[in-house]
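Reminder, nothing fancy here: chain letters follow the sequence lines and each chain counts from 1.
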Amino acid sequence: MKQRVALFVTCLVDLMRPRIGFAAIQALEAAGREVVVPEGQTCCGQPALNTGDRGHAEALAKQTIAALEPYEAVVLPSGSCAGTICCHYPELFEHDPEWLPRAQAVAGRTFEIMAYLDEVCGWRPDSVSLSASATYHDNCSGLRELGIKAQPRRLLKAIDGLSLTQLPGEETCCGFGGTFCVKYPAISNAIVGEKAEAIEATGADLLLAGDLGCLMNMAGKLHRAGSKVRAYHAIELIAGMGDGPAIGEEA
Amino acid sequence: MSTFTDRADAALADPLLKIAVERTAGTAEAKRAAAIAAFPDFEAARARAAAIKDHVIAHLGAYLEEFEANAVAAGACVHWASTADEACRIVVEICKTAGARTVARSKSMLGEEIGLPHALAEAGIRRIETDLAEHIIQLADERPSHIIWPAMHKTREEVSALFKARHRSPHEEETIAAMAESARRELRMQMLGADVGISGANFLVADTGAVCTVTNEGNAELSLVPPRVHIVTAGIEKIVPSMEHAVHMLRMLARSATGAALTQYTTFYAGPKRPGDRDGPEEMHIVLVDNGRTKMREEGLADMLRCIRCGACMNHCVVFRQIGGHAYGGTYPGPMGSVLTPALDGLKQSRDLPNACTLNGKCQEVCPVRIPLPTLLRGWRERSWREGLEPASTRAGLGLWAWVACRPALYRVATGVAMRAMRLLSRGGWIARLPLAGGWTRYRDMPKPAPRSFMAQYRKERRG
Amino acid sequence: MSAREAMLARLRGAHPDKAEADALLVAPDRRAVDEGALETEFLARIALPSVSATHDIIERLDELPVAVGRYLEQQGEPLTLCLPPDPRLSACDWSGFTLRESAAPEETAALAIARKGIAETGSLIFETSPHAPMLPNFLALHHIVLLAAGDIAPWLEDALLPGPQPRAHYWVTGVSGTTDIEGTYVRGAHGPRFLHVILLR
Ligand code: SF4
């Protein structure tokens, strides 16, 4: 029997760029998984958590836990939302004897999509090709909360014709920071401005990352600056959907 | 009083500041990386450093008593101060009793924290800052902008102008070496003539009662050996159980701060001059300062008491690198400052600090004592929210969004409407101006949302 | 209630367990040092830019004045030396030198005997005593240090003294330097600009 995995698409992917969700399904199915999209999902609550609104953060965490706990594995196309579930849900319910075990159980079964494909499935894209050069930005939560670094690169290497150029400062925050970028726009802009320059300087055609928030920030800055670099979630390329419209391109 | 945002904007508008910060922090970052790569197992060493400090903080009372007993046995006087004012009063009192007219001060962030420069000035005592950066800051009448490099924000041109205006025989050649030489000339006789030497402590060693200072300039020793009286002001969290524990912490401190294996001068002082000694002070006083530390320990900030003031968190902080230290407005800048300032100065006037952070986690990654800075910053955000200090617009906006997100059916309808509205504002796939998210679109474009959400498309597909 | 009582009252807790504190000292994570080649390690270490010391080697203590003279001449300095009242040093023949007991504010050179040299970091270890003042080592432009090769030890832990401490115990790991202006390194900020080690084999 095929292993069933639940896909939590995340609110940003749901509203802004559904093709990342479909790419995730495609890759998971290619890796031999049956994908379910639980109905009750909306947002993992990270914005509330990071703004200090603990009440709503807990309510959204409970809603998400309840929606995801029936499944053997949960996969998200976002390092920061996966980090919220894996690292912060158990912290949120540290003193709640009822919800702590439930939070821990879900956290233990939750994976970022590329880590899941690489480490759990041992899968590689097969006969996917895209002739382009790309550079990869490590999103902070994925990198530091979940240790995602080699996995996306291993998957991307299996794409025929894709060459990866290292981004100087690839581990440096892009300045998104969730609500940070609207609360302190000038500081955020200074940070993403430097990031955009570093991306441009690689000469790569494509900017890849594993988190739509950071991608929208960088792509939005690149576009405002008149750059020709096109931005995708890495899973889109991995699923063989790298020939579609990039972020901000009309379908 | 200026707001954080005003100060940050001013900092961002200053191209010289950016260059100055980048030069020092960038060098520190590269050197630290090299030092850690050359260290066999830095992760294990960090874990051990954190464990040593946790052990101390858990038994702080007993260790302070042990330190006190041993320091007294070595001939030092130990004083206790609950507040910054009390600490300053004790120091000023000792200076007055000693008939001191001038004090030589070796850089100490605790001294800045308790407002010692101000207290000395009020008491009419002349203060000679002997650390080169602190000397620059004193001449410019400014505050430190970094805990390791207090004058990080100053370019060489600014320092040159300052020295030319204020030194008796300033440098002629426009090189940094010549400027340092000018300061050496200016400060040497002043240090040797001071009545009292004041320092902080990098570590207080419980089992010997010794006070450890580290400097690269040797200014601590030159400020503390000649005067008749040596006064140490130290935060109570500076305790380590033994000299061996101090050794481990010193290995971590230098590597994290500057990338060196050790600072050039590391000195352990135990009491005043002994019979027959040719030099050294006749009196040594140690002021153990609480100033909110016991409260931090009780109120969920015990992790922060591990801090050894290495500055790595700010050197690696994307926000600090853009705005420098002054914008933070407190004694301590950067990530550690954003945790400490609300505790020291009150959350109300510093609520911006824990918020002005992307929570990217780099600071925690480099911290030699593994302080979970992002978690502590989140803790302040939570408290700020609870206490109603967050702006009404944020509360209303986020509250509404979260309320809707807790109701999936309503959420699908509401977000559908919102996304359609957003799409109306787009041109060619992008939105250049977005009401309510002006912060975003002032500087970057926003991609146009999808015509239909993932959930809607998926449901339709599955229904076939 | 005094500040002391108030602070301690809030910090009450279990007495620290010495074994727990000691367990934290098990240190597999130090920089590797080849214990069979301590002298080589030490000399390599002090030659690094971070320490930037020069060195000379003598076979007998009575060669010390000649070695010091050689160094000062090379540096173009007069044969003036601040010499601590250590019987081991006063036993040497210092004819030709102008000796000083205490350091002048602009002292050219000071000599001191290090109790230990540490291979891990290239540190020189000193203590104060009636025979060993501290100030000259920080005032002089040239800090000249006599170190017996047999006193080189691998780790900083080996520098520590058990029991009651001397007034000051200090480690010198280079010359006085600063990076306070634009992060640029300058030698001789306040204290010695030169560090010269004379190794006695
Ligand atoms: S918080 Fe950590 S990194 Fe920052 S100064 Fe303190 S010890 Fe250093």
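- Under the 4.5 Å side-chain criterion, counting only non-hydrogen atoms from C-beta, Leu156(C) is not in contact with Leu250(B).
- For chain C, no part of Ile90(B) is nearby; none of its heavy atoms comes within less than 4.5 Å.
- Going from atom OG of Ser129(C) over to atom CG of Asp277(B) covers 7.0 Å, rounded to the nearest 0.5 Å.
- Residues Ala189(C) and Arg184(B) share a closest heavy-atom pair of O-CB, 3.3 Å.
- Across Glu43(B), Glu158(B), Lys295(B), the residue that shares the most heavy-atom pairs under 4.5 angstrom with chain C is Lys295(B).
- Residue contact with chain B, scored on non-hydrogen atoms closer than 4.5 Å, is absent for Glu5(C).
- When the candidates Thr121(C), Leu139(C), Val186(C), Leu161(C) are compared by the number of heavy-atom contacts under 4.5 Å with chain B, Leu139(C) comes out ahead.
- Asp279(B) places a side-chain N or O within 3.5 Å of a backbone atom of Met134(C) that can act as its donor or acceptor partner.
- Heavy atoms of Met152(B) lying under 4.5 Å from chain C are absent altogether.
- Considering every non-hydrogen atom in both Pro226(B) and Leu135(C), the closest pair reads CG-CD1, 3.8 Å.
- Heavy atoms of Pro16(C) lying under 4.5 Å from chain B belong to its backbone as well as its side chain.
- In this structure, chain C has a heavy atom under 4.5 Å from the side chain of Leu192(B), while its backbone stays farther away.
- Contact of Ala51(B) with chain C is made through backbone and side chain together, with heavy-atom distances under 4.5 Å.
- His59(B) places no side-chain N or O within 3.5 Å of a backbone atom of Gly13(C) that could act as its donor or acceptor partner.
- In this structure, the portion of Glu181(B) lying under 4.5 Å from any heavy atom of chain C is its side chain and not its backbone.
- Taking OG1 of Thr178(C) as the start and NE2 of His135(B) as the end, the distance is 11.5 Å to the nearest 0.5 Å.
- In this structure a side-chain-to-backbone donor-acceptor pair under 3.5 Å is present from Arg188(B) to Pro105(C).
- Between atom CG of residue Leu25(C) and atom OG of residue Ser242(B) there is a gap of 5.0 Å, rounded to the nearest 0.5 Å.
- Heavy atoms closer than 4.5 Å to chain B are found in the side chain of Tyr185(C), but not in its backbone.
- Taking chain C as the reference chain and counting heavy-atom pairs below 4.5 Å, the highest number among Met179(B), Glu68(B), His79(B) is found for Glu68(B).
- Note on Asn219(B), Leu222(B), Leu60(B), Thr263(B): by heavy-atom pairs under 4.5 Å with chain C, the leading option is Leu222(B).
- With a 4.5 Å cut-off on non-hydrogen atoms, Ile181(C) touches chain B through its backbone and its side chain both.
- Of all non-hydrogen atoms in Arg10(C) and Arg297(B), the two that sit nearest each other are O-NH1, 3.5 Å.
- Heavy atoms closer than 4.5 Å to chain B are found in the side chain of Ser123(C), but not in its backbone.
- Between Ile176(B) and Thr184(C), the closest heavy-atom pair is CD1-OG1, 3.5 Å.
- Interface remark: Ala177(B) contributes backbone and side-chain atoms alike to the contact with chain C (heavy atom separation under 4.5 Å).
- At a threshold of 4.5 Å between non-hydrogen side-chain atoms, the residues His15(C) and Glu66(B) do not count as touching.
- Nearest approach of His55(B) to Ala21(C), heavy atoms of both residues: NE2-CB, 3.5 Å.
- Shortest non-hydrogen contact noted between His245(B) and Asp22(C) is NE2-N, 4.5 Å.
- Under the side chain to side chain contact (heavy atoms under 4.5 Å, CB included) rule, Gln165(C) has a single partner from Thr208(B), Asn70(B), Asp207(B), Val205(B), which is Thr208(B).
- Residues Met7(C) and Arg293(B) have side chains not in contact (no heavy-atom distance under 4.5 Å, counting atoms from C-beta outward).
- Side chain of Glu157(C) to main chain of Met243(B): no donor-acceptor pair is present (N/O by atom type, distance under 3.5 Å, no hydrogens or angles).
- Looking only at side-chain heavy atoms (C-beta outward), Leu64(B) and Leu11(C) come within less than 4.5 Å of each other.
- The part of Lys273(B) that comes within reach of chain C is its backbone (N, CA, C, O), which places non-hydrogen atoms under 4.5 angstrom from that chain.
- When side chains are defined from C-beta on, Thr215(B) does not count as touching His190(C), because their heavy atoms never get closer than 4.5 Å.
- Heavy atoms of Thr175(B) lying under 4.5 Å from chain C are absent altogether.
- The backbone N or O of Tyr265(B) lies less than 3.5 Å from no partner atom in the side chain of Tyr170(C), so there is not a single donor-acceptor pair.
- Using a 4.5 Å heavy-atom cutoff, the side chains of Arg278(B) and Pro136(C) are not in contact.
- Tested against Phe138(C) for a side chain to side chain contact (heavy atoms under 4.5 Å, CB included), the candidates Met191(B), Glu217(B), Glu221(B) yield a single pass: Glu221(B).
- In this structure, Arg70(C) places its CZ atom where more than 12 heavy-atom neighbours from other residues, nucleotides or ligands lie under 6.0 Å away.
- Per-residue counts of heavy-atom pairs under 4.5 Å with chain C were compared for Ser82(B), Ala183(B), Gly218(B); the largest is that of Ser82(B).
- Annotation: side chain of Glu106(C) is not in contact with side chain of Arg185(B) (no heavy-atom distance under 4.5 Å).
- Interface remark: Ser50(C) contributes backbone atoms only to the contact with chain B (heavy atom separation under 4.5 Å).
- For a residue to count as touching a neighbouring chain, one of its non-hydrogen atoms must lie under 4.5 Å from one of that chain's; by this rule Arg187(C) does not touch chain B.
- Residue contact with chain C, scored on non-hydrogen atoms closer than 4.5 Å, involves the side chain of Ile236(B) exclusively.
- Counting heavy-atom pairs under 4.5 Å between each of Lys18(C), Glu20(C), Arg12(C) and chain B puts Glu20(C) at the top.
- With a 4.5 Å cut-off on non-hydrogen atoms, Glu244(B) touches chain C through its backbone and its side chain both.
- A donor-acceptor pair under 3.5 Å is absent between the side-chain atoms of Arg156(B) and the main chain of Glu182(C), judged by distance alone.
- For the residue pair Ser2(C) / Trp80(B), no side-chain donor-acceptor distance below 3.5 Å is found, with atom types taken as modelled.
- Using a 4.5 Å heavy-atom cutoff, the side chains of Pro166(C) and Phe268(B) are not in contact.
- For a residue to count as touching a neighbouring chain, one of its non-hydrogen atoms must lie under 4.5 Å from one of that chain's; by this rule Ile52(B) touches chain C with backbone and side chain alike.
- With hydrogens and angles disregarded, a donor-acceptor distance shorter than 3.5 Å links the side chain of Arg48(B) to the backbone of Leu24(C).
- Rounding to the nearest 0.5 Å gives a distance of 8.0 Å between CD of Glu120(C) and CG of Leu262(B).
- How far OG1 of Thr179(C) is from CG of Asn216(B): 6.5 Å, rounded to the nearest 0.5 Å.
- Between the OG1 atom of Thr266(B) and the NE2 atom of His169(C) there is a distance of 9.0 Å, given to the nearest 0.5 Å.
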